[in-house]
Amino acid sequence: MADFVKIQEKWQKKWEESKVFEAKEEPDKKKFYCLEMFPYPSGCLHMGHVRNYSIGDSFARFKRMRGFSVLYPMGYDAMGLPAENAAIKSKVDPGDWTYKNIDGIKEQQKLMGLSYDWNRQVNTCDPEYYKWNQWFFLKLMEKGLAYRKGAEVNWCPDCNTVLANEQVEDGRCWRCKHEVQQRDLEQWFFKIQDYADRLLDDIDKLDDWPDRVKIMQKNWIGRSYGTEIFFKVKDMDLTISTFTTRPDTVYGITYLVFAPEHSIVQKLIKGTKHEDNVNEFIKKVKKQSNIERTAEGKEKHGVFTGRYFVNPVNGEEFPIWVADYALMDYGTGAVMAVPTHDQRDFDFAKKYDLPMKLVISPEAYDINVEKMARAYVEEGVLVNSEDFDGINNREAIDKISKFLEEKGWGKRTVNYKIRDWLISRQRYWGTPIPIIYCKDCGIVPVPEDQLPVILPKNVKFTGEGNPLETCEEFIHTTCPNCKKPATRETDTMDTFVDSSWYFLRYCSPHEDRLPFKKEDAQYWMPVDQYIGGIEHAILHLLYARFFTKFVKDLGLIEFDEPFKRLLCQGMVIKDGAKMSKSIGNTVDPMEIIGKYGADTARVFILFAALPEKELDWSDEGVAAIYKFLNRVLRLVEDDIDSPTTKELANRDKHMVGKMHRTIKKVTDLIEEFKLSLAIGVLMDYTNKLYKYRDGQINKEVYDNAVKAIIQLLSPFAPHVCEEMWEMIGEKEMLSKSSWPEFDKTMIDEEAEAAEEMVSQTISDIASVLKLTNKESAKKVTLFVADTWKYNFMSTLKTILEETRNPGEILGKIMATDLKKQGQQISKMVPKYVKDPSKIPATVLTLEKEYAALVEAKEAIESEFKCEVNIVKELESKEAKARQSMPSKPAILVE
RNA sequence: GUGGGGGUGCCGGAGUGGUCAAACGGGCACGGUUGAGGGCCGUGUGGCUUAGUGCCUGCGCGAGUUCAAACCUCGUCCCCCACACCA
């Protein structure tokens with residue numbers, strides 16, 4: 001067994017010295033930007049990383065060999081909580097801790113043999129990088145897209161800190177599992193809602209994204225068209241506005257609900273006898289954590305405000321309630337309730353015994369409101385709706401909306417589920433928000449020429465509050481406007497800001513006047529292939545799309561989608577569960593690389609499953625790949641003592657054909673990202689190569705075939721392949737070589753199948769002779785059946801060959817003696833007229849096989865020194881073989 | 001609840017109308033090589049059967065479409081993932 005570790009050390013060094021992987025803007029070449037989602041530098045690589053990079057690196061190497069100018073960079077998403085927690089726990093500086101981790105993880109990536117252009121490394125914690133986060137912040141502010149407002153944030157009372165939404169799992173802190181509370185704080189937001197329509201509509205441009213990701217984003221943005229309807233409060237000079245997608249039910253409204261936080265509620269109850277009661281309810285709801293309030297599912301709570309409203313369409317008066325199922329931040333925070341046609345309203349009305357009114361009736365039967373067990377949400381015809389009675393409810397949506405608008409009672413609007421992006425974090429290890437608070441001037445942005453606002457070093461990590469607040473010299477500054485003393489914003493930015501544009505930075509990582517150079521971005525972007533986990537399907541990918549659109553609006557780029565093709569790799573599983581430290585089923589990639597080499601680890605991980613599927617880790621599988629790579633290596637290591645010829649015998653031609661087919665298959669499969677299948681094809685090819693060299697070989701054919709596998713396997717197992725490449729005497733590095741081309745004319749699957757069939761037949765005859773203890777045969781009969789399928793398909797083929805006109809074809813079918821099947825053929829014809837290359841595959845093969853058999857007759861006769869007959873129609877006694885196709889003729893040896 | 005993805009051999013996993021008992025790999029069994037082991041090479045791996053072979057059964061379960069279905073349609077059961085009271 002070869003020492004792969006030694007081989008990989010040798011080549012990793014050579015690659016680094018020769019700088020083969022540096023990306024260059026070459027105008028005469030097509031570019032290819034291959035990118036993996038950059039990692040958070042925590043401790044060390046896990047299998048998920050290894051999988052991610054194995055996929056990306058193979059693809060980058062493949063594209064490079066195919067003649068593209070490839071940009072394949074790596075960087076680190078280096079801001080975030082773990083560094084700060086390490087600071088609290090171990091009293092280390094978060095910066096030192098992070099840079100140490102970056103070095104560690106980079107070391108491990110290098111051990112994997114990844115072909116990154118390390119010159120372009122980006123660390124988001126470098127001031128040279130986060131300076132531009134601040135710059136973007138200022139630009140967003142200029143355009144009115146960054147703003148400050150009071151908001152509820154997640155607060156973990158145990159960790160004493162704010163948590164990002166993503167860090168709240170089932171209403172609990174991801175680290176200490178303590179219940180998360182809501183706190184009201186002044187926060188910074190990015191107005192992503194302004195981009196909601198573009199973000200949604202452009203999803204349809206993303207042809208090469210997985211559907212599920214696109215659907216998730218669509219649902220997340222959640223655009224719904226509806227109508228705002230205004231209601232007067234009885235005995236008050238107050239108008240309430242509600243949002244609905246179902247204006248067709250407007251005549252069925254029987255109560256109104258407000259979200260408890262809604263400010264109008266206070267106006268409604270002030271000074272009334274309901275005031276205390278309602279306020280108590282609101283207090284109770286607010287005290288509840290998000291889990292209690294939402295995870296409960298169906299159980300809804302509410303309280304009557306004592307007020308009534310007037311329905312403008314019919315003058316009816318109904319009560320106004322406050323309920324926990326109305327959400328403050330969707331629509332207007334108030335809901336018009338139609339219990340008969342909305343399940344939630346129905347549940348609530350039943351519980352509190354509120355009135356119900358039917359306004360949509362199914363056409364087939366009548367509904368008795370008293371006996372309804374659930375809301376009727378199907379289509380139907382309007383009833384109890386005055387002038388609109390009898391109209392289908394779908395049509396009524398439009399008609400009633402128009403009616404409401406004409407009367408001034410309503411207005412058509414659009415609503416989104418997506419909320420503005422809250423980017424403030426009361427944490428230290430992030431990009432400082434470049435804002436100064438001045439008593440006189442208010443909120444003042446830090447002038448551009450004073451960027452970056454550097455994150456100070458001398459802060460105290462107590463585990464309580466924001467460490468930045470402990471740094472006096474950071475907080476105290478002067479107002480850029482009036483030069484009077486002022487204080488700095490101590491919030492930092494969400495780390496998702498960092499990752500929303502890093503792919504642009506890779507295009508010009510050393511640029512210092514702008515985040516990146518326009519011409520560089522125009523050359524490299526968009527990312528042609530992006531690879532990462534499905535967990536980022538919404539947040540990161542959506543934010544990155546948002547940023548790209550914003551950057552385009554700034555005029556810095558001319559495209560508006562960052563990622564052309566997206567691959568979401570599956571999880572790594574072991575013993576039926578996701579590999580994770582808490583379960584204790586992890587396998588350290590470095591151990592595998594140290595024992596079997598990086599190539600083994602990479603090939604195993606790529607072979608074990610298709611990239612987007614779950615991967616089940618298996619130690620036996622790793623050992624098997626190790627064996628396979630050794631087997632490939634022996635193709636060039638071994639001294640071959642097989643007899644050689646200069647002529648091309650059949651088996652040599654065979655080998656050449658196999659080689660070309662393998663090149664084609666592997667190329668296509670990699671392009672489609674079916675990497676495990678590509679490796680499977682290479683295993684099969686290796687086996688064939690061994691069989692081939694077992695007998696008489698043609699040296700040139702063999703050498704070429706070996707050369708091909710070295711190149712085809714090299715994206716997956718680059719070190720071993722480089723080594724082999726050198727062993728066969730190539731002077732130039734394999735990484736610089738061009739991907740092998742296949743010769744179409746050498747790929748004749750049918751001829752291949754035919755030849756294989758003939759050789760199979762010959763060996764069958766030999767084994768029959770052996771088994772029957774005969775030295776030679778007098779006569780060999782080969783029975784080849786004329787099957788129904790064969791007849792059927794060849795009839796179809798003949799017809800199609802003669803004409804492509806469907807009308808004519810039908811006539812021809814009628815004229816055939818296969819009238820019985822005529823009907824079926826006519827059904828199939830349209831399909832094959834569309835794609836005529838598809839049909840006759842079977843027939844072609846069978847025909848060629850039969851022809852080859854006839855041709856081979858002489859060869860068989862001289863081989864066995866006997867008479868050979870080929871019988872196409874079987875005699876009844878050999879009826880057994882009736883089903884057999886030319887590919888397996890029945891043999892009778894006499 | 002809504003949306004998405006799945007159920008194929010002892011196992012991981014291909015195949016998505018016809019050359020398919022099912023790629024490739026693992027495991028297991030047998031044989032060869034070897035002092036032994038490892039390694040390497042070969043053969044086999046649903047049942048019955050043949051000299052070659054053939055037949056039956058089979059791709060969660062049930063039904064349907066078709067000359068033909070693991071693949072299409074409908075129903076049904078189970079599993080996984082995401083979002084979860086969005087009016």
Side-chain angles (χ1 to χ4, degrees), chain A residues 1 210-213 215-216 218-220 222 224 226 242-246 257 293-300 323-327 329-332 334-338 342-345 347-348 415-418 534-535 537-538 571 573 604 607-610 612-621 623-625 627-628 630-631 634 674 676-677 679-684 687 690 694 750 753 761 764-765 767-774 787-790 792-793 820-821 823-825 827-828 831 839 841-846 849 880-881 883-893:
Chain A
M1 291 274 166
D211 284 337
R212 58 175 172 155
V213 173
I215 290 164
M216 279 161 92
K218 278 187 185 173
N219 291 344
W220 184 265
S224 49
T242 66
F243 174 77
T244 182
T245 53
R246 296 291 307 276
V257 238
R293 200 167 153 187
T294 61
E296 262 175 23
K298 296 263 178 277
E299 185 68 17
K300 299 165 180 43
D324 56 0
Y325 81 95
L327 305 172
D329 51 4
Y330 185 78
T332 62
V335 182
M336 52 166 251
V338 185
D342 183 287
Q343 192 56 42
R344 290 155 304 178
D345 298 343
D347 295 339
F348 192 78
N415 249 293
Y416 303 89
K417 276 195 215 177
I418 192 171
I534 187 77
E535 66 273 18
I538 296 175
M571 287 191 297
I573 303 285
F604 167 71
F607 176 68
L610 285 173
E612 58 279 345
K613 298 227 172 171
E614 279 180 359
L615 184 153
D616 207 349
W617 184 268
S618 119
D619 294 328
E620 292 93 352
I625 296 299
K627 263 164 66 176
F628 163 66
N630 271 287
R631 197 167 145 81
R634 279 202 310 277
K674 300 197 167 176
S676 56
L677 300 185
I679 294 169
V681 168
L682 288 171
M683 286 172 168
D684 185 54
N687 291 340
Y690 269 94
D694 224 24
E750 292 87 39
T761 305
D764 279 352
I765 296 169
S767 69
V768 169
L769 285 173
K770 206 174 158 192
L771 279 159
T772 51
N773 287 322
K774 282 183 190 166
T787 61
W788 176 84
K789 187 199 283 177
Y790 181 71
F792 173 61
M793 290 302 248
K820 241 167 99 185
Q821 281 107 42
Q823 206 190 340
Q824 270 64 48
I825 291 181
K827 269 190 203 167
M828 292 170 76
K831 183 165 140 199
I839 4 163
T842 312
V843 171
L844 280 179
T845 308
L846 298 182
E849 282 179 355
K880 265 185 168 183
Q883 293 301 314
S884 79
M885 310 284 269
S887 53
K888 273 183 186 170
I891 300 163
L892 179 68
V893 181

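Model, not experiment: these values are computed from the prediction. In what follows, chains carry the letters A, B, and so on, assigned in the order in which the sequence lines appear, proteins first and then strands, with residues in each chain numbered from 1.
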[M] and [N], which share atom name [atom1], separated by this distance in whole Å:
N: B/U73; M: B/G4; atom1: P; answer: 14 Å
N: B/G15; M: B/C20; atom1: C1'; answer: 9 Å
N: B/G18; M: B/C24; atom1: C1'; answer: 24 Å
N: B/G9; M: B/A70; atom1: C1'; answer: 13 Å
N: B/A36; M: B/G31; atom1: P; answer: 14 Å
N: B/U57; M: B/A22; atom1: C1'; answer: 14 Å
N: B/G62; M: B/C30; atom1: C1'; answer: 42 Å
N: B/G25; M: B/U33; atom1: C1'; answer: 24 Å

Practice prompt. May I ask you to say what A/Ser618 touches in the nucleic acid, namely base, sugar-phosphate or nothing, with a heavy-atom cut-off under 4.0 Å?
Written response: nothing
Practice prompt. With heavy atoms under 4.0 Å as the rule, sort A/Asn687 into base, sugar-phosphate or nothing.
Written response: sugar-phosphate
Worksheet entry | Nucleotide of B/A87, B/G3, B/G25 approaching A/Ala624 most closely (side-chain heavy atoms) | B/G25
Practice prompt. Could you check which of B/A87, B/G25, B/C83 has an atom nearest any side-chain atom of A/Met683?
Written response: B/G25
Discussion item. Just to verify, what does A/Phe604 make a ring pair (Phe, Tyr, Trp, His ring centres under 6.0 Å) with, not counting sequence neighbours?
Written reply: A/Trp617
Practice prompt. Verify whether one side chain among A/Tyr325 and A/Asp347 offers a donor that lies under 3.5 Å from an acceptor in the other.
Written response: no
Please produce a list of atom pairs where a protein N or O lies less than 3.5 Å from an N or O of nucleotides 10-15 of chain B.
| from | atom 1 | to | atom 2 | distance (Å) |
| --- | --- | --- | --- | --- |
| B/A14 | OP1 | A/Lys613 | NZ | 3.4 |
| B/G15 | OP1 | A/Lys674 | NZ | 3.3 |

Can you tell me the distance, in whole Å, between the [atom1] atom of [X] and the [atom2] atom of [N]?
X: A/Ile538; N: B/A82; atom1: CD1; atom2: P; value: 11 Å
X: A/Met216; N: B/G4; atom1: CE; atom2: P; value: 12 Å
X: A/Asn219; N: B/C85; atom1: CG; atom2: C1'; value: 16 Å
X: A/Glu620; N: B/G26; atom1: CD; atom2: C1'; value: 7 Å
X: A/Phe604; N: B/C24; atom1: CZ; atom2: P; value: 18 Å
X: A/Glu535; N: B/G4; atom1: CD; atom2: P; value: 21 Å
X: A/Lys627; N: B/G25; atom1: NZ; atom2: P; value: 10 Å
X: A/Ile215; N: B/A82; atom1: CD1; atom2: C1'; value: 11 Å

Worksheet item: Is A/Asn219 reaching over with its side chain to a backbone N or O of A/Gly222, donor-acceptor style, under 3.5 angstrom?
Response: no
Identity of whatever pairs with [N] - Watson-Crick or G-U, under 3.5 angstrom:
N: B/U34; answer: none
N: B/C61; answer: B/G75
N: B/C24; answer: B/G12
N: B/G17; answer: none
N: B/A29; answer: B/U43
N: B/U50; answer: none
N: B/C83; answer: B/G1

Worksheet item: So do A/Asp329 and A/Lys417 actually touch side chain to side chain, heavy atoms under 4.5 Å?
Response: no
Worksheet item: Any side-chain heavy atom of A/Lys674 within less than 4.5 Å of one from A/Leu610?
Response: yes
Discussion item. With rounding to the nearest 0.5 angstrom, report the OH to OG distance, A/Tyr416 to A/Ser224.
Written reply: 9.0 Å
Worksheet item: If every non-hydrogen atom of A/Glu612 is compared with every non-hydrogen atom of A/Arg212, which pair is closest and at what distance?
Response: O-NH2, 4.4 Å
Worksheet item: What heavy-atom pair brings A/Val338 and A/Asp345 nearest, and what distance separates the two atoms?
Response: N-OD2, 3.0 Å
Item to complete: Report the residue (A/Gly680 or A/Tyr330) whose heavy-atom-nearest nucleotide on RNA chain B is the more 5′ of the two.
Response: A/Gly680
Worksheet item: Which residue lies toward the 5' end of RNA chain B, A/Arg212 or A/Val335, if each is placed at its nearest nucleotide?
Response: A/Arg212
Worksheet item: Given the rule in the side chain to side chain contact (heavy atoms under 4.5 Å, CB included) test, do A/Met683 and A/Ile625 qualify, once you have shown the distances and angles that lead to the verdict?
Response: CA-CA 10 Å; A/Met683 286 172 168; A/Ile625 296 299; 3.7 Å; yes
